[in-house]
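In what follows, chains are A, B, ... by sequence order, proteins preceding strands, each numbered from 1. For the numbers below, each heavy atom of this structure counts, side chains included, while hydrogens, waters and symmetry mates do not. Keep in mind it's a predicted model, so treat the numbers as computed, not measured.
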There are 2 protein chains.
Amino acid sequence: MKPPRSSRNDVFLKYKLWLSALSGEGIIGEGQYKLLRAIEEHGSLKAASDILETSYRKAWGDIKKAEELLGYDLTEKHRGGKDGGKSILSEKAKTLLEAYDALHKKMDDAIEDAYSDFKETIK
Amino acid sequence: MKPPRSSRNDVFLKYKLWLSALSGEGIIGEGQYKLLRAIEEHGSLKAASDILETSYRKAWGDIKKAEELLGYDLTEKHRGGKDGGKSILSEKAKTLLEAYDALHKKMDDAIEDAYSDFKETIK
DNA sequence: AGGCGATATGTAATGAATCCCATATCGAAC
DNA sequence: GTTCGATATGGGATTCATTACATATCGCCT
C-alpha cells in the first residue's frame with residue numbers, strides 16, 4: 001500500500017442517469033440535457049456549443065444521433081436568415097427536459113437517503 | 001431527419017452509481033464491484049481478470065488505485081505459494097460490497113418508481 | 001535447490017472518442 | 001444579387017483509456 005492519504009471516509013456517492021435506446025446507446029444524458037437547455041436559452045447550436053465550450057462538430061453530432069435514436073426531432077433547425085440561422089427546441093424536447101428534471105429530483109432524493117445508510121454501514 | 005427507426009418509445013433509463021473521492025476520481029463502481037466479487041469467488045486477481053475478460057494489468061491498477069484513494073486495503077495479497085499466489089478480500093472490502101448491494105437495491109427501486117412517472121410525462 | 005504460477009510494475013501499441021480544420025449550403029436582410 | 005453567420009458534414013489530428021508485452025519478485029512444493 002501507498003501512504004494512507006487519509007484515514008477519514010472522505011468519499012461520497014455520485015451517479016449518472018440517462019435515457020437509453022434498446023441497443024444500449026445513450027440518447028439523453030447530462031451532456032445532451034445541458035446542450036438542449038443551452039440551445040433553448042441562446043437560440044442556436046453554435047451559441048450553445050460555444051457556451052458549453054465543446055466543439056460545434058460534437059454538439060451537432062450528438063443532437064443528430066439522439067434524434068435518430070428517438071425517431072423525432074429535438075430542435076427545429078433554420079439555416080440562413082438575419083443571424084445566419086438558429087435552432088429552437090421542439091415541443092417534444094421541452095417535454096423531455098421537464099421529465100428529465102423531475103426524474104433527477106427523485107433520484108437525488110433517493111440517493112440522499114441511501115447515502116446515510118451507506119455511511120452507517122461503512123462506518 | 002433520418003428514417004424514423006421507430007415511432008415507439010422503445011427507450012429506457014439507465015444509471016451508474018459509484019463511490020467517489022473528493023477529488024472526483026471514482027473509487028468503487030460497477031467494474032470494481034464485479035472485480036472484487038470475482039476475486040472473492042475465485043481466490044485470485046488473475047482468475048478474476050480472466051473471468052471478467054479484462055486485462056490483469058488493468059484489474060491490478062484499478063484495485064491499487066481504489067486502495068490508495070480509500071486509504072486501506074481491499075485485498076490481502078500473497079505472492080508465491082502452491083498456486084503461485086492468491087488474493088483474498090479484506091474485511092473492509094466485504095463490508096463495502098454489502099453496503100454497495102444495499103445501495104443498489106434502493107436505487108433500483110427508486111428508478112423503477114421514477115421510470116413510470118417519466119414514461120407518463122413523455123407519453 | 002529449482003520450478004511454477006500469481007503478484008507487481010513499467011512501457012509500447014492500439015483503438016475509440018473528441019477536437020480541429022475545411023468546405024458546402026441555405027436564406028433573410030440590405 | 002451580394003453578404004453574413006449558422007447549419008451541415010467529411011476527414012485528419014490528437015487525446016486518453018485500455019490492452020499487450022515484457023520482466024522482476026516472491027514463496028510453497030517436490
Side-chain angles (χ1 to χ4, degrees), chain A residues 1-3 16 18 20 23-32 34-36 38-69 73-90 93, chain B residues 1-3 16 18 20 23-32 34-36 38-69 73-90 93:
Chain A
M1 281 292 306
K2 276 297 158 49
K16 280 184 194 292
W18 69 98
S20 167
S23 64
E25 289 179 286
I27 302 178
I28 308 285
E30 202 61 33
Q32 265 87 342
K34 284 183 183 159
L35 181 56
L36 289 170
I39 290 172
E40 182 176 42
E41 185 177 358
H42 297 99
S44 82
L45 183 55
K46 175 73 165 61
S49 59
D50 283 349
I51 289 289
L52 297 178
E53 291 186 317
T54 181
S55 65
Y56 175 86
R57 188 67 181 76
K58 172 161 164 43
W60 175 83
D62 285 351
I63 294 287
K64 184 186 160 102
K65 186 179 162 195
E67 290 178 334
E68 285 179 7
L69 288 169
D73 282 347
L74 290 169
T75 58
E76 294 170 22
K77 303 154 191 72
H78 302 272
R79 285 200 287 198
K82 182 163 71 78
D83 300 317
K86 60 182 176 176
S87 285
I88 297 165
L89 291 195
S90 68
Chain B
M1 280 293 308
K2 277 296 158 50
K16 280 184 194 291
W18 69 97
S20 167
S23 64
E25 291 178 287
I27 302 179
I28 307 285
E30 203 59 33
Q32 265 88 345
K34 284 183 182 158
L35 180 57
L36 289 169
I39 291 172
E40 182 176 42
E41 185 178 357
H42 297 99
S44 80
L45 183 56
K46 174 73 166 61
S49 58
D50 284 349
I51 289 288
L52 297 178
E53 291 185 318
T54 182
S55 65
Y56 174 85
R57 189 64 182 76
K58 172 160 165 47
W60 175 83
D62 285 351
I63 294 287
K64 185 187 161 103
K65 186 179 163 195
E67 290 177 332
E68 285 179 7
L69 287 169
D73 283 347
L74 290 169
T75 59
E76 294 169 22
K77 303 152 191 75
H78 303 273
R79 286 200 287 199
K82 181 163 71 75
D83 300 316
K86 61 183 175 176
S87 286
I88 298 165
L89 291 196
S90 68

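The distance from atom CG of L45(B) to atom C1' of dG5(C) is 13 Å, rounded to the nearest whole Å. The interatomic distance linking H42(B) (NE2) with dA6(C) (P) rounds to 13 Å, in whole Å. Between D83(A) atom CG and dG27(C) atom C1' there is a gap of 12 Å when expressed in whole angstrom units. Atoms NZ (K86(A)) and P (dA8(D)) sit 14 Å apart, rounded to a whole Å. For K46(A) and dT9(D), the NZ to P distance is 18 Å, given to the nearest whole Å. Per the geometry, CD belonging to E67(A) stands 12 Å off P belonging to dT7(D), to the nearest Å. In this structure, K65(A) places its NZ atom 17 Å from C1' of dT9(D), rounding to the nearest Å. dA17(C) atom C1' lies 13 Å from atom CZ of R57(A), rounded to whole Å.
Distances shown here put a side-chain N or O of T54(B) below 4.0 Å from the OP1 or OP2 atom of dT19(D). An OP1 or OP2 oxygen of dT7(C) is reached within less than 4.0 angstrom by a side-chain nitrogen or oxygen of S87(B). OP1 or OP2 of dT9(D) lies within a sub-4.0 Å distance of a side-chain N or O belonging to K64(A). For the pair K77(A) and dA8(D), the criterion of a side-chain N or O lying under 4.0 Å from OP1 or OP2 is not met. Side-chain nitrogen and oxygen atoms of Y56(B) include none within less than 4.0 Å of the OP1 or OP2 phosphate oxygen of dA6(C).
In this structure, CD on E40(B) lies 15.5 Å from NZ on K34(B), to the nearest 0.5 angstrom. Here the NZ-CG distance, from K46(B) to D83(B), works out to 12.5 Å after rounding to the nearest 0.5 Å. Here the straight-line distance linking atom CD1 of I63(B) with atom OG of S87(B) works out to 8.0 Å at 0.5 Å rounding. Rounding to the nearest 0.5 angstrom, the gap separating the CG atom in L52(A) from the CG atom in L45(A) is 10.0 Å.
Within the nucleic acid shown, G85(B) comes within 4.0 Å of sugar-phosphate atoms alone, with no base atom in reach, counting heavy atoms only.
Heavy-atom distances to DNA chain D give each of G80(B) and W60(A) a nearest nucleotide, and the one nearer the 5′ end belongs to W60(A). Nearest-nucleotide mapping onto DNA chain C: of G81(A) and K58(A), the residue sitting toward the 5' end is K58(A). Across the interface with DNA chain C, nearest-nucleotide mapping of R79(A) and D62(A) shows D62(A) to be the residue nearer the 5′ end.
Taking 4.0 Å as the cut-off between side-chain N and carboxylate O, E67(A) and K77(A) count as a salt-bridged pair.
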